[in-house]
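So that the names make sense, note that chain A is the first sequence line, chain B the second, and so on, each numbered from 1.
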Amino acid sequence: MGRRVLVTGLGSFWGGRVAEALEKDPDIELIVGVDTVDPVVPLERTEFVRADQSYSILNRIVKATQVDTILHTFLVVDSTRANARQLHEQNVIGTMNLLAAAGAPGTSVRQVVVKSSTLVYGSSWKDPTWFREEMSRVGAARSRVELSLVEAESYLRDFAEDNPNVTVTLLRFSNVVGTDIVTPITRALQLPLVPCIFGFDPLFQFVEEDDVVRSIEFVTRSNLAGIYNVAGDGRLPWSEVAAICGKRLVPMPPILTEWAAAPLSRVNVELPQELLDLLRYGRGVDNRRLKSAGFVYRYTSAGAVRNFAGALRLQSTVGSRRPSYKYEQDVEQFFRHSPAIVRDNDGNAP
Amino acid sequence: MTVEPIVCLALARSEVTAETARPGALVHLRLGGPDPETPVDPRRSDVDEWGRSEHMRELARRLYEPLYRRWFRVEWEGLDKIPLSGPALIVANHAGAIPSDAPVIMHGIETELHRPVYGLADHMFKAIPLVGTMWSRVGGVAAHPQNAYRLLREQGQLVLVFPEGTKGTGKLYGERYQLRRFGRGGFVEIAMRAGVPIIPIAVVGSEEAMPTVAKIPGIAKAVGAPYAPITANMLLLGPLGLLPFPAKFRLKVLDPVTFDVPPDQERYSKSRVMEEAENIRGRLQEALYGMLRVRRSVWFG
């Protein structure tokens with residue numbers, strides 16, 4: 001019998017990409033996706049359920065579908081996309097409900113994979129050059145997104161302790177760049193002049209979006225338990241990141257930087273507190289634990305940035321090539337379940 | 001008559017077997033993606049993972065060379081005790097309001113032995129604009145035990161640390177060459193954990209290069225600095241007070257100290273650590289007194 005997988009945050013960038021990748025795997029029998037919004041990628045056999053923000057329906061879904069694996073890609077790590085209240089609802093309450101559902105008596109769940117962020121390490125002048133998985137952050141979390149992620153991770157730690165027979169995998173991703181993903185960093189790198197903080201040239205570490213999806217697939221397939229940093233090899237200064245993208249830097253003052261950065265929101269580039277910290281001190285995480293478990297990165301930090309720069313250049317010439325897809329409930333239901341559809345041997349619609 | 005459309009773009013020799021290798025067969029072109037085994041790393045600068053850049057280091061050496069040769073006229077004794085390869089933790093006495101001992105030791109070892117030295121410094125440097133970035137580009141690393149361990153144990157580098165820290169540089173001229181407390185012995189613990197020898201270096205001249213005549217505690221507290229010195233250089237040279245006096249620098253490398261304890265232990269006996277730290281401190285202090293005994297002049301050595 002194949003695995004039955006529940007993907008949270010199916011409508012988010014990661015949920016969709018992960019489900020898309022899992023659909024290709026014949027060993028995975030069932031994929032159920034939950035989200036508050038419609039999926040943005042066309043999916044063939046993933047079943048989609050709409051839930052409210054805090055996932056209170058999850059308990060019923062898990063019981064009814066008897067899933068054995070939960071991929072929690074629902075955590076918001078980009079604080080410009082959600083206000084404080086939504087962050088708390090999704091990251092903290094959502095995770096709490098998810099783990100409650102996964103840990104219910106007689107549960108069918110055998111593995112929980114959570115996609116977190118290296119934001120939990122923070123970024124400060126007291127940091128070591130590299131964070132390993134067992135190290136904790138230096139100062140208390142300041143920004144809301146960091147607070148909510150730290151809290152969500154603490155729930156997961158409790159869950160892992162209470163459920164020793166469930167494989168709990170926590171992946172902490174560093175800054176993601178790639179051809180499709182949009183984050184405050186990628187938006188900043190698209191500006192004609194890239195903001196930096198005067199007198200600081202911090203070292204950045206990146207992970208390519210394909211490596212993100214591959215690593216989630218990897219830990220799911222190999223049933224890997226524990227905490228893993230996911231980040232490309234090497235670190236490079238912010239000035240070099242801008243240079244690879246063919247951009248010039250414009251310095252912001254090192255004091256009252258928040259005020260200086262505020263007008264940037266006019267051009268759709270918000271630099272939240274955690275990103276300003278990063279532009280000052282950078283962050284490095286040790287990626288060797290996942291590598292020694294057998295995962296092979298396709299991109300180094302610099303390679304990921306170059307790939308992103310290539311996508312930027314292409315986009316500036318031919319425009320956004322992302323195919324537009326609109327989820328339509330009736331159409332999806334028809335193709336998945338109507339007896340009118342002639343299916344092939346695997347039961348898939350053409 | 002049939003016209004065979006030519007759709008074959010390329011014949012990948014290794015993948016085409018006898019049956020499929022007919023003319024006109026459609027062959028998949030391997031996309032030029034990165035090879036998973038060897039991901040490409042398209043770097044533009046030579047800034048390493050610690051923030052150090054050999055180019056910047058080279059530039060710094062070129063700028064510092066006149067100061068090193070003609071201003072301080074640095075002379076070494078026992079430089080051969082520093083290994084040409086393999087890791088070692090170098091410790092030295094620390095002095096001068098803006099200490100010249102760090103650049104002198106780094107410059108000296110790098111030009112004489114042609115191997116890089118990473119200097120551990122207080123984290124607070126990282127928070128200062130320009131200073132923090134420059135310091136890290138020329139080989140400075142924040143003094144975190146994990147950083148020292150990675151540099152020594154995993155990368156086999158030379159690491160320089162001043163166990164006195166700011167207590168050494170913040171002391172007044174009247175207390176010159178009196179070693180302060182050697183922290184909490186953390187440097188010994190790191191050397192034990194990394195399994196590397198400690199090489200002490202006694203430095204004479206740094207105290208007189210920039211003597212502190214008074215301290216203003218109020219200002220230091222206000223700006224969050226460890227000390228706010230009034231130096232003789234400031235009093236004599238005014239705005240040029242950042243320039244050190246041309247004191248004669250003499251450096252003496254002492255015998256390396258090795259510890260017969262297994263590396264990578266969770267913790268080491270605190271009493272043993274403190275004993276070793278005190279032992280190294282005593283030897284450095286003794287060496288300093290010995291060098292001062294034979295020194296005839298501050299300026300000519």
Around atom [atom1] of [X], are there more than 12 heavy atoms of other residues, nucleotides or ligands at under 6.0 Å?
X	atom1	value
K247(A)	NZ	yes
F259(B)	CZ	yes
R115(B)	CZ	yes
L59(B)	CG	yes

Do [X] and [Y] have side chains that approach each other closer than 4.5 Å (heavy atoms only, starting at C-beta)?
X	Y	answer
E154(B)	R288(A)	yes
L203(A)	W50(B)	no
Q146(B)	W130(A)	no

| task | Sort H123(B) into side chain, backbone, both or neither according to what part of it lies under 4.5 angstrom from a heavy atom of chain A. | result |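 Contact with chain A involves both backbone and side-chain atoms of H123(B).
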Measure M134(B) against the heavy atoms of chain A and call it side chain, backbone, both or neither at under 4.5 Å.
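Neither part; nothing is under 4.5 Å.
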**Study point:** Worked verdict on I244(A) versus R43(B) for side-chain contact (heavy atoms from CB on, under 4.5 Å)
**Key:** CA-CA 8 Å; I244(A) 292 177; R43(B) 292 297 305 268; 6.0 Å; no
Original post:
Can you name the nearest heavy-atom pair linking R306(A) to V40(B), along with the distance?
Top reply: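 The pair with the smallest heavy-atom distance is NH2-CG2, 3.8 Å.
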| message | If I compare all heavy atoms of E49(B) with all of R235(A), which pair ends up nearest, and what's the gap? | response |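 Shortest heavy-atom separation between E49(B) and R235(A) comes out as O-NH1, 3.7 Å.
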Under 4.5 Å from any heavy atom of chain B, what part of Y281(A) do you find: side chain, backbone, both or neither?
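Just the side chain, heavy atoms under 4.5 Å.
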Is R150(B) salt-bridged to D286(A), going by a charged N under 4.0 Å from an acidic O?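 Between D286(A) and R150(B) there is a salt bridge, with a charged N closer than 4.0 Å to a carboxylate O.
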Nearest-0.5 Å distance that lies between atom CD1 in I128(B) and atom CZ in F200(A):
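Answer for the CD1-CZ pair, I128(B) versus F200(A), is 8.5 Å.
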Out of [options], which one racks up the most heavy-atom pairs below 4.5 Å with chain B?
options	result
P237(A), P254(A), G234(A)	P237(A)
S124(A), G199(A), G284(A), S301(A)	G199(A)
D233(A), V305(A), T300(A)	T300(A)

Given 3.5 Å as the limit, does a donor-acceptor pair link the side chain of R44(B) with the main chain of A243(A), or not?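 At least one qualifying donor-acceptor pair exists.
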Top contributor to chain A contacts, counting heavy-atom pairs under 4.5 Å, from T133(B), V131(B), D48(B), V141(B)
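The candidate making the most pairs under 4.5 Å is T133(B).
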Query raised in the report: Could you walk me through whether D127(A) and K126(B) pass the salt bridge (Lys or Arg N to Asp or Glu O under 4.0 Å) check?
Result: CA-CA 10 Å; D127(A) 286 348; K126(B) 279 207 293 192; over 6 Å; no
Notebook entry, point to check: Does the side chain of N147(B) pick up a donor-acceptor pair with the side chain of T129(A) at under 3.5 Å?
Noted result: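 A pair is found: one side chain offers a donor N or O, the other an acceptor, under 3.5 Å apart.
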